[in-house]
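To start, the structure under review is shown below, and the notes come after it.
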Amino acid sequence: MAIKKDSASFRDPSGHVYELDHRILRTVTTKAKSNYEYVRDSAIINQIIETGWVIDTKEINDNLPELRTDNVCYIVEHSKVPYISYPYEWSFEMLKAAALRHLEIQIELLKNN
């Protein structure tokens with residue numbers, strides 16, 4: 001199967017999202033390298049993954065020459081979300097729950113510098 005770039009991926013100036021054989025991959029460019037390394041090397045990312053607040057993500061070293069350009073420092077694989085919905089489809093209660101979760105994550109991040 002060919003690598004397919006996500007059509008909404010243009011919004012991210014720090015990398016792009018791709019699908020390959022039902023796998024979700026994301027490139028991290030030189031622009032985001034230091035931020036990515038800071039988060040990767042901190043314990044907080046594992047904590048919020050374990051709580052289920054964000055999806056599991058792992059750095060991969062697969063041989064993917066289509067993605068390994070001069071500008072790409074890392075390739076990560078995200079667990080695939082079984083069903084994708086968008087905020088404009090959500091009820092007020094769903095939007096409220098998302099906002100509260102976002103605040104919980106922000107508070108946890110602030111506690112951990």
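In this structure, I24 is not a member of the same hydrophobic cluster as L20, with clusters built from ILVMFWY side-chain heavy atoms closer than 4.5 Å. In the hydrophobic cluster analysis, where Ile, Leu, Val, Met, Phe, Trp and Tyr join through side-chain heavy atoms closer than 4.5 angstrom, V76 is grouped apart from V54. Put simply, I44 and I105 are part of the same group of oily side chains (I, L, V, M, F, W, Y) that touch within less than 4.5 Å, one to the next. Residues I45 and Y36 fall into different hydrophobic clusters, defined by Ile, Leu, Val, Met, Phe, Trp and Tyr side chains chained together at heavy-atom separations under 4.5 Å. The cluster map of Ile, Leu, Val, Met, Phe, Trp and Tyr, joined by side-chain heavy atoms under 4.5 Å apart, puts V72 and I60 in the same cluster.
Atom CG of L67 sits about 4.0 Å away from atom CD1 of I3, to the nearest 0.5 Å. The NZ atom of K96 sits 11.0 Å away from the OG atom of S91 when rounded to the nearest 0.5 Å. Atoms CD1 and CG, on I107 and N112 in that order, are 12.5 Å from each other to the nearest 0.5 Å. Taking CG of L95 as the reference point, atom CD of E89 lies at 11.0 Å (rounded to 0.5 Å). Rounding to the nearest 0.5 angstrom, the gap separating the CG atom in N46 from the OG1 atom in T51 is 11.0 Å.
When atom types are taken as modelled, the side chain of D6 and the backbone of A8 share a donor-acceptor pair closer than 3.5 angstrom.
In terms of heavy-atom proximity, W90 sits nearest to M94 at CB-CB, 3.7 Å. For R68 against N61, the heavy-atom pair with the smallest separation is NH2-CA, 3.6 Å. Counting all heavy atoms, side chain and backbone alike, G15 lies closest to R26 at N-NH2, 4.2 Å.
Ring geometry for Y18 versus H16: interplanar angle over 60°, hence perpendicular rather than tilted (30 to 60°).
For NZ of K80, the number of neighbouring non-hydrogen atoms (other residues, nucleotides, ligands) closer than 6.0 Å is greater than 12.
Evaluated for a side chain to side chain donor-acceptor pair (under 3.5 Å) with N71, the options T30, T29, T27 yield exactly one hit, T30.
Between V17 and D12 the shortest side-chain heavy-atom distance does not fall below 4.5 Å. Side-chain atoms of I75 and D62, non-hydrogen and from C-beta on, never get closer than 4.5 Å to each other.
Figure legend: cation-pi geometry between R40 and Y74, with NZ or CZ positioned under 6.0 Å from the six-membered ring centre and within 45° of its axis.
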